[in-house]
2 protein chains.
Amino acid sequence: MDLKLVETASNPAIPSPIKRDNKRPHQILNAAIELFRDRGFEATRLEDVADKAGVSKATIYLYFESKEDLFYALIREKVVPMLEQTIAQADAFQGPASEFLRMKAKGVGRLFAHSEQGAILKLVISEARRFPDLSDYYRTEVPERGLENLSKVIRRGIDEGEFRECDTEAAAAAFMFPLLMTGIWMNSVGPDEIVRPDETIDFHCENFIRGLQV
Amino acid sequence: MDLKLVETASNPAIPSPIKRDNKRPHQILNAAIELFRDRGFEATRLEDVADKAGVSKATIYLYFESKEDLFYALIREKVVPMLEQTIAQADAFQGPASEFLRMKAKGVGRLFAHSEQGAILKLVISEARRFPDLSDYYRTEVPERGLENLSKVIRRGIDEGEFRECDTEAAAAAFMFPLLMTGIWMNSVGPDEIVRPDETIDFHCENFIRGLQV
DNA sequence: TTGAAAATACTGACTGGTCAGTCACAAAGT
DNA sequence: ACTTTGTGACTGACCAGTCAGTATTTTCAA
């Protein structure tokens with residue numbers, strides 16, 4: 001799987017001359033994630049990214065075409081591998097629908113709440129309107145793929161008599177949204193004393209299942 | 001109620017010389033909301049705000065001290081009135097806790113999904129790390145105030161035998177998050193075909209109550 | 001093995017464009 | 001006349017992106 005994006009003026013088909021087995025791109029990307037999350041794309045100075053990565057600004061241009069390309073690369077390098085893992089996990093699952101939901105909540109919820117994936121989600125949300133093609137890619141590949149998958153699982157739960165009949169698409173969104181929101185919260189206004197992410201996710205998951213059971 | 005913020009270098013106690021009974025500030029603020037939401041604070045040029053408001057850039061400086069002040073004023077002028085209304089509504093409510101939740105979901109959910117309040121939420125989330133005092137103010141006044149209030153209502157529901165015993169703080173967050181997330185979704189990656197905000201909120205509300213009932 | 005040449009990796013200093021914020025002046029209202 | 005409301009033109013700082021040149025690593029002939 002590869003990040004394909006429509007070619008635009010601001011996104012000229014990225015030849016991406018990243019040389020392999022070189023740690024520089026990863027150093028730079030890791031520095032960029034944190035700064036982009038904390039200050040936003042526009043307000044982040046490439047010089048600060050360079051400092052944080054321990055290189056000079058010009059070095060960034062050896063590995064990335066432009067500041068925008070750095071942003072695109074971030075999604076390419078950090079999101080796609082996570083996706084493959086999550087999908088494999090979901091495909092392998094056999095068992096009652098409610099167990100799948102529990103697994104999903106623990107996996108996805110914790111991932112967004114405590115890893116760099118939450119920072120990336122918040123970043124994409126923040127910059128979505130400025131990078132519509134990237135936002136479309138991320139939306140369809142990450143949350144919508146998750147929603148579709150969930151929708152099917154809930155349908156299966158209904159067919160097998162575990163869950164009550166309901167609008168499965170709405171249910172999928174209602175299940176997913178607290179997981180995403182917890183991740184965004186922890187990477188923007190939070191962390192704080194009021195919202196305890198793990199407890200919130202656990203409660204949500206159990207209460208959601210309880211509400212759905214016949 | 002007034003927006004008080006700790007005085008910092010970037011926020012020098014805002015004397016706010018906004019002359020009253022003048023439509024200019026509102027024109028400017030309305031133009032700013034939309035541009036800030038779509039491009040973010042940093043990437044929005046004051047000249048574009050001016051164009052959209054139908055004035056010259058220098059005119060903005062008759063009513064606002066700086067670009068940052070414009071952002072602060074946006075919260076002052078657009079959030080505080082909404083808050084007062086919501087609080088009055090909540091205080092006046094008498095009836096079963098589940099009815100309160102329904103009212104809350106319809107009110108707050110629709111507000112964030114379909115009005116400028118969703119855009120403001122998304123904006124604050126996006127810029128939270130860059131404007132920590134504003135983010136603190138917003139977080140404590142808007143979502144956390146809502147969470148506290150909800151927490152109490154759920155407690156009341158438990159005490160009156162309507163709801164099962166549970167972690168009321170986690171429950172409040174789990175109830176609130178889909179409402180907030182729907183608003184953010186609609187103002188960033190959405191609108192799209194997959195997420196229908198009203199159906200999502202309605203399902204969430206009913207399923208949440210169903211899960212909570214004894 | 002050594003060391004000169006080639007290839008690769010990196011950088012400091014610069015530039016051209018952009019934009020927040022200013023100011024001297026103009027128009028409109030009273 | 002005087003105050004309020006407005007503006008076009010300017011400026012100084014900032015920063016993405018470039019480039020000429022330096023360091024380091026690799027290659028390979030003697």
Side-chain angles (χ1 to χ4, degrees), chain A residues 8-33 35-36 38-74 123 127 130-131 134, chain B residues 8-33 35-36 38-74 123 127 130-131 134:
Chain A
T8 65
S10 68
N11 169 34
I14 309 169
S16 244
I18 300 182
K19 280 96 186 173
R20 281 292 140 212
D21 58 308
N22 186 326
K23 62 186 164 38
R24 283 275 181 273
H26 292 284
Q27 283 174 245
I28 295 167
L29 246 21
N30 286 333
I33 281 188
L35 290 169
F36 284 166
D38 289 348
R39 314 188 203 206
F41 174 79
E42 193 74 20
T44 297
R45 286 158 49 224
L46 240 25
E47 200 126 9
D48 290 342
V49 175
D51 282 356
K52 193 159 195 134
V55 297
S56 78
K57 185 170 61 148
T59 298
I60 294 177
Y61 284 89
L62 292 178
Y63 299 99
F64 304 96
E65 301 227 305
S66 63
K67 195 181 177 186
E68 283 199 10
D69 184 41
L70 187 60
F71 190 29
Y72 282 84
L74 206 131
L123 182 57
E127 306 295 338
R130 251 170 89 58
F131 298 95
L134 186 140
Chain B
T8 65
S10 68
N11 168 33
I14 310 169
S16 244
I18 299 182
K19 282 94 186 174
R20 282 291 141 213
D21 59 307
N22 185 327
K23 61 186 166 34
R24 284 275 181 272
H26 291 284
Q27 281 173 245
I28 295 168
L29 246 21
N30 286 331
I33 281 187
L35 290 169
F36 283 167
D38 289 348
R39 312 189 203 205
F41 174 78
E42 193 74 19
T44 298
R45 286 160 46 225
L46 240 24
E47 200 126 11
D48 290 341
V49 176
D51 282 357
K52 192 157 195 137
V55 298
S56 78
K57 185 172 61 150
T59 298
I60 294 177
Y61 284 88
L62 291 177
Y63 299 99
F64 304 96
E65 301 227 305
S66 64
K67 195 183 177 186
E68 283 200 9
D69 183 42
L70 188 60
F71 189 29
Y72 282 85
L74 207 132
L123 182 57
E127 306 295 339
R130 252 171 86 58
F131 297 95
L134 186 140

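The figures here come from the full heavy-atom set of this structure, side chains too, leaving out hydrogens, waters and symmetry mates. Chain naming here is simple, since letters A, B, ... match the order of the sequence lines and numbering starts at 1 in each.
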Scoring nucleotides 17-23 of chain D by protein non-hydrogen atoms under 4.0 Å (B base, S sugar-phosphate only, - none) yields BBB----

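- The B:Ser56 side chain lies nearest to D:dT7 when the options are D:dT7, C:dT11, D:dG6.
- Rounded to a whole Å, the CG atom of A:Asp51 is 11 Å from the P atom of C:dT11.
- If you take CD1 on A:Ile28 and NZ on A:Lys57, they are separated by 13.0 Å, rounding to the nearest 0.5 Å.
- Side chains of A:Phe41 and A:Lys67 form a contact here, defined as non-hydrogen atoms less than 4.5 Å apart.
- Looking at B:Tyr72 and B:Phe64, their side chains never come closer than 4.5 Å, going by heavy atoms from C-beta outward.
- Remark: B:Glu42 does not engage A:Arg39 in a salt bridge, criterion side-chain N to carboxylate O under 4.0 Å.
- A:Arg24 contributes atom CZ, which lies 10.0 Å from atom CG of A:Leu62 (distance to the nearest 0.5 angstrom).
- Nearer the 5' end of DNA chain D, as judged by each residue's closest nucleotide, is the contact made by B:Val55, out of B:Val55 and A:Phe41.
- Per the geometry, CD1 belonging to A:Ile60 stands 17 Å off P belonging to C:dA9, to the nearest Å.
- Protein atom CZ of B:Arg45 is 15 Å distant from nucleotide atom P of C:dG21, rounded to whole Å.
- In this structure, B:Arg24 atom CZ and D:dT5 atom P are separated by 10 Å, rounded to whole Å.
- In this structure, the CZ atom of B:Phe71 is 15 Å from the P atom of C:dA20, given to the nearest Å.
- Atoms CD (A:Glu42) and P (C:dT18) sit 13 Å apart, rounded to a whole Å.
- In the set D:dT5, C:dC10, C:dA20, the nucleotide with an atom closest to the side chain of B:Leu62 is D:dT5.
- A donor-acceptor pair is defined here as one N or O able to donate and one able to accept, closer than 3.5 Å; no such pair exists between the side chain of B:Thr59 and the backbone of B:Val55.
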